[in-house]
Amino acid sequence: MGTTLTIRVPSDFDLARDVCSYGYFLLAPNRWDPESLTFHRVLRLRDGRSAVTIGQAGGKRGVALKARFDRAISRTEQGEARTQIARMLQLDDDVRAFHKIDPRWKKSGRARLFRSPTMFEDVIKTVTSCNVAWPSTIRMNARLCEVVDAAFPSPRQLARRTPSVLRARCGVGYRDQRLVDLGKLFTSKGGVDVGWFEDPATPDDDVFEALLGWPGIGPYAAGNIMQLLGRYSRLAVDTESVRHAKVTLGWEGEDAELRTRLEAHYQRFGDQRFRSYWFELWEDYEARQGPAWTWVRETTGQAFTASRMREPAGPVRRAVRKTTQTGSVRRGR
DNA sequence: GGTAGACCTGGACGC
DNA sequence: GCGTCCAGGTCTACC
């Protein structure tokens, strides 16, 4: 008989909307079921792995979540699970700061960005998203979970792996050595103090500079890890950003010029600029593929690559959510 | 400080 | 079916 936990959430929390808010919800071991509106993954707990299914009764906003585990978990493990789930779902995020600076998203309630249960998983997922098309990122994460650990590889597991094995069996290519080095960085004495990175008192500039010193982490990856740490003061500019500038914002010019212009454009959103940028991008994705909570990893979830999305959005085909919730994002203008 | 090319994989395309 | 080209961000060598 497995354990079921009741997890209280903020009154505006919407499981479907807030899980399906960032592409990592499509990456293994995460799995969203559009039919049952439930989130599934394997968590690593003190006494071993456990598969959890998280649902929100009736899909109703603000209703406490039920987290059902496939085995009985101890009190200590329950605490661990609550911490990991809260991190993934951003349950501690005060969304008011964002809506105050960018009221466009107040009506839809968009604010939380889905992330991983640990900073390490977010870092590895970011590295697997660099210099590669999105379907390959999906494949790499799936294989890492199949080959190394169903709950996602831990720092220790990656530190002990041979690069050539990661390359051959997980398809990570030249990232092999970098993944092993990141594992070593997180397990070595004096390597990574996660608390320092997650401490709001640590200046954003210091975090950014520190990230740039890690293997496989350049300006884009560092900016992305920043937002996954809840630090939204920087953009993570990539080819998708350039496409957004051209297609959605209607800008013209050289890519380098547009990148500079993007940075200036979002400055008005201050320390929330990544979220303002991201939800504009996400809204465009949903206009093309339907609400994110309807996406399936193997089909619609594969579509997000700048080269595949250059053409303007076609007629909007939105699925109708059977619940009473507002899953789609329509700006409250 | 700026730039060019290599890194690896998979999809698109032409034959 | 096969070969070629291209996209994607980081790293390194070179100027």
Side-chain angles (χ1 to χ4, degrees), chain A residues 22-24 26-28 120-148 153 158 161-186 192 205 207-229 234-248 253-263 274 277-278 281-282 284-285 288-289 296-312:
Chain A
Y22 192 67
Y24 288 6
L26 293 163
L27 300 181
F120 181 71
E121 185 174 328
D122 277 337
V123 170
I124 298 301
K125 279 183 157 58
T126 298
V127 171
T128 64
S129 73
C130 289
N131 196 28
V132 74
W134 182 244
S136 293
T137 302
I138 291 177
R139 198 171 303 111
M140 280 185 235
N141 280 271
R143 289 184 187 169
L144 284 169
C145 292
E146 289 165 12
V147 173
V148 184
L158 280 188
R161 284 281 165 167
T162 307
S164 59
V165 172
L166 289 179
R167 178 182 295 224
R169 298 188 61 195
C170 302
V172 299
Y174 67 88
R175 301 163 196 79
D176 55 356
Q177 185 65 56
R178 295 172 189 175
L179 298 186
V180 173
D181 289 345
L182 284 166
K184 289 177 178 171
L185 194 66
F186 270 73
V192 174
D205 287 350
V207 170
F208 190 72
E209 286 305 314
L211 292 172
L212 287 178
W214 291 3
I217 307 298
Y220 162 76
N224 194 56
I225 294 168
M226 292 279 289
Q227 67 88 2
L228 292 163
L229 286 165
R234 290 172 185 271
L235 300 182
V237 178
D238 61 0
T239 49
E240 268 301 276
S241 317
V242 174
R243 184 194 62 79
H244 179 66
K246 291 177 178 173
V247 176
T248 308
E254 296 296 317
D255 286 6
E257 179 193 333
L258 295 181
R259 285 169 185 259
T260 305
R261 198 171 157 192
L262 278 164
E263 296 284 359
F274 181 88
Y277 154 73
W278 182 257
L281 198 66
W282 203 247
D284 180 50
Y285 290 167
R288 294 164 186 272
Q289 299 289 332
V296 177
R297 184 194 293 163
E298 291 73 18
T299 54
T300 37
Q302 301 260 346
F304 306 98
T305 299
S307 58
R308 289 189 183 189
M309 300 180 73
R310 286 202 181 100
E311 73 284 1

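Naming: A, B, ... by sequence-line order, numbering from 1 per chain.
- In this structure a side-chain-to-backbone donor-acceptor pair under 3.5 Å is missing from A/Thr128 to A/Thr137.
- In this pair, A/Tyr22 and A/Trp278 present their aromatic rings tilted. The plane angle is within the 30 to 60° band.
- Of all non-hydrogen atoms in A/Tyr277 and A/Leu235, the two that sit nearest each other are CB-CD2, 3.7 Å.
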Please list, one pair per line, the donor and acceptor atoms closer than 3.5 Å that link side chains of residues 167-178 of chain A to other protein atoms, with sequence neighbours excluded.
unit_1, atom_1, unit_2, atom_2, d
A/Arg167, NE, A/Gly173, O, 3.4
A/Arg167, NE, A/Asp176, OD2, 2.9
A/Arg167, NH2, A/Asp176, OD2, 3.2
A/Tyr174, OH, A/Asn131, ND2, 3.0
A/Arg175, NE, A/Cys130, O, 3.4
A/Arg175, NH1, A/Val172, O, 2.8
A/Arg175, NH2, A/Cys130, O, 3.0
A/Arg175, NH2, A/Asn131, O, 3.1
A/Gln177, NE2, A/Asp181, OD1, 3.0

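- When the C1' atom of B/dC7 is taken as reference, atom CE of A/Met140 falls 12 Å away, rounded to whole Å.
- Salt bridge absent: A/Arg143 and A/Glu146 never bring a charged side-chain N and a carboxylate O closer than 4.0 Å.
- A side-chain donor from one of A/Tyr24 and A/Thr126 sits under 3.5 Å from a side-chain acceptor of the other.
- When rounded to the nearest whole Å, the span between CG of A/Asp255 and P of C/dA7 equals 11 Å.
- Remark: C1' of C/dA7 and CH2 of A/Trp134 are 16 Å apart, rounded to the nearest angstrom.
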Using a cut-off of 4.0 Å between protein heavy atoms and nucleotide atoms, how would you tag nucleotides 10-15 of chain C 5' to 3' with B, S and -? SS----

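- Between A/Ser136 and B/dT9 there is no side-chain N or O to OP1 or OP2 distance below 4.0 Å.
- Donor-acceptor pairing under 3.5 Å is recorded for the side chains of A/Glu240 and A/Tyr285.
- Remark: A/Lys125 engages A/Glu121 in a salt bridge, criterion side-chain N to carboxylate O under 4.0 Å.
- In this structure, A/Thr239 does not reach the C/dA7 phosphate: none of its side-chain N or O atoms is under 4.0 Å from OP1 or OP2.
- Axis angle, first five pairs versus last five pairs of the helix from B/dG1-C/dC15 to B/dC15-C/dG1: 40°, rounded to 10°.
- Spacing between atom CD1 of A/Ile225 and atom P of C/dG9 amounts to 14 Å, rounded to whole angstrom units.
- Residues A/Arg259 and A/Asp255 are not paired through a salt bridge, judged by the lack of any N-O separation under 4.0 Å between the basic side chain and the carboxylate.
- The side chain of A/Arg167 places an N or O atom within less than 4.0 Å of a non-bridging phosphate oxygen (OP1 or OP2) of B/dC8.
- When rounded to the nearest whole Å, the span between CD1 of A/Ile138 and P of B/dG11 equals 11 Å.
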